[in-house]
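What follows is a set of notes on a single structure, which appears directly below.
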Amino acid sequence: MTRLSEPGEPGSAPEAPAASVTLADVQADPELSLFISSADRVMEGMGFTEHGFRHANLVASISYQVLHRLGYSEREADLACVAGYLHDVGNMLTRESHAQTGAVLVYQALKDRAAGNDLAAIMAAVANHEEDQGYAVSPISAAVILADKSDVHRSRVRRSGQVDIDIHDRVNSAVEQSFLRVDSEARTVTLELTIDTGMSQVMEYFEIFLGRMQMCRHAAERLDARFRLTINGAELA
C-alpha cells in the first residue's frame, strides 16, 4: 500500500506523480456524458434504480475519500475517483456483463490521453465492481466497490407509487439516510443506514444485499481495514 508521507520527513519517498486523467477531465467529456445519460435511460427502461449523474458523481466522491482517508497517495485517490465516475457506463448497452463492457468503453474513450498504467488501473476497477464477477483487485478497485455498494437510498427509486411490487425499490425507499464513514485511525469503513422498518424490514435488506455486503468486506480487507454495517444504530456486521 502506498502511504502519504509528510513533506520533508526524513527518509520519505519522493512524491508520487499526479494522475494523467482527472475527474474534471471526464466530467467535461461530451462522449462520456452521453455514455452516462444513455446508461441511465437503459436502466430506467429495465425498471432499475437511478444510475445517472447523481450516482456517478457520488461514487466518484466517495471512492476518492475512502483512499484519501486511509492514507493512499493522491494519484490513487484521483484514479479511484475517475473509475467511480465511469463505473456504470457499460449499462448503456446492457445490464448483463456491464462492468466488463464498461471497461472496454472506458478504454476507447481514454486511450489517447491517459497514461497506460493509469488507464489499466481504471479499467480494472470498472470491470470488477459487480459482486457476481468482480473482485477487489487493487486499492482503487476496492474503493469503487465500497462507494458503489454504499449508495442505497430512497432518492434512487423512480417508481415511488409501486414500491410494494419490487423488493429492491421497497428497500431503497425505506433507506432514509446512508453514510459511508471511514475511520483512518481504527481503519474501519462503516456503512451507516437509517431504515424505515414500517416500509421494509431489516431482513429484506440482507435478502437482496448480502452478496454486496460480503464484497464490501473483502474490499475493506484489501485496504487493510474492517468493514462494518450499522442499521438504525445497531451493528449487524
S61 OG to H68 NE2 distance, which is reported to the nearest 0.5 Å:
11.0 Å
When you measure from the side chain of N232 to the backbone N and O of I195, does any donor-acceptor pair fall under 3.5 Å?
yes
Is a side-chain donor or acceptor of S73 paired with a backbone partner of E76 at a separation under 3.5 angstrom?
yes
Tell me yes or no: between the side chains of Q201 and T197, is some donor less than 3.5 Å from an acceptor?
no
With no hydrogens and no angle check, do the side chains of T22 and D25 hold a donor and an acceptor under 3.5 Å apart?
yes
Shortest non-hydrogen pair, V82 vs L23, comes out as CG2-N, 3.6 Å
d(E31 CD, L105 CG) to nearest 0.5 Å is 8.5 Å
Could you verify whether a donor N or O on one side chain and an acceptor N or O on the other, from H51 and H87, lie under 3.5 Å apart?
no
Is it the case that the side chains of Y135 and E130 hold a donor-acceptor pair, with the cut-off being a distance below 3.5 Å and no angle test?
no
Got a donor-acceptor contact below 3.5 angstrom from the R187 side chain to the A225 backbone?
no
Is there a donor-acceptor pair closer than 3.5 Å between any side-chain N or O of N128 and the backbone N or O of A124?
yes
Decide if atom CD of E176 counts as having more than 12 heavy atoms of other residues, nucleotides or ligands within a radius under 6.0 Å.
yes
Enter the distance from T190:OG1 to F227:CZ here, rounded to the nearest 0.5 Å.
8.0 Å
Which pair of heavy atoms, one from Y72 and one from R222, lies closest together, and at what distance?
OH-O, 4.1 Å
A219 versus A142, closest heavy-atom pair with distance:
O-CB, 3.4 Å
Is L236 close to V202 at the side-chain level, that is, under 4.5 Å between some pair of heavy atoms?
yes
If you compare all heavy atoms of V144 against all heavy atoms of A80, which two are closest, and at what distance to 0.1 Å?
CG2-O, 3.7 Å
Under 3.5 Å donor-acceptor, S20 side chain and A115 backbone:
yes
With a 3.5 Å distance limit and no angle check, can you tell me whether S38 reaches the backbone of F35 through a side-chain donor-acceptor pair?
no
With a cut-off of 6.0 Å (strictly less than), are more than 12 heavy atoms of other residues, nucleotides or ligands near CZ of R69?
no
Taking the side chain from H55 and the backbone from G52, do they hold a donor-acceptor pair closer than 3.5 Å?
no
Go through the steps to decide whether R226 and E221 satisfy the test salt bridge (Lys or Arg N to Asp or Glu O under 4.0 Å), and finish with yes or no.
CA-CA 6 Å; R226 183 170 71 91; E221 290 171 354; over 6 Å; no
Ignoring hydrogens, what is the shortest heavy-atom contact between L70 and S184? Give both atom names and the distance.
CD2-CA, 4.3 Å
Can a donor-acceptor pair be found, under 3.5 Å and without considering hydrogens, that links the side chain of R212 to the backbone of L146?
no
Any heavy-atom pair between the side chains of V59 and H129 that's under 4.5 Å?
no
When the ring planes of Y205 and F209 are compared, do they come out parallel, tilted or perpendicular, using 30° and 60° as the limits?
perpendicular
In terms of heavy-atom contacts, C81 and S63 come closest through N-CB, 4.3 Å
Out of curiosity, E50 CD to L58 CG, how far, rounded to the nearest 0.5 Å?
9.0 Å
When you check the gap from the basic side-chain N to the acidic O, do E192 and R228 get nearer than 4.0 Å?
no
Other residues, nucleotides and ligands only: do more than 12 of their heavy atoms fall within 6.0 Å of CD on Q177?
no
Backbone of Q100 reached by a side-chain donor or acceptor of S97 within 3.5 Å:
no
Under 3.5 Å, is there a donor on one side chain and an acceptor on the other for N57 and Q27?
yes
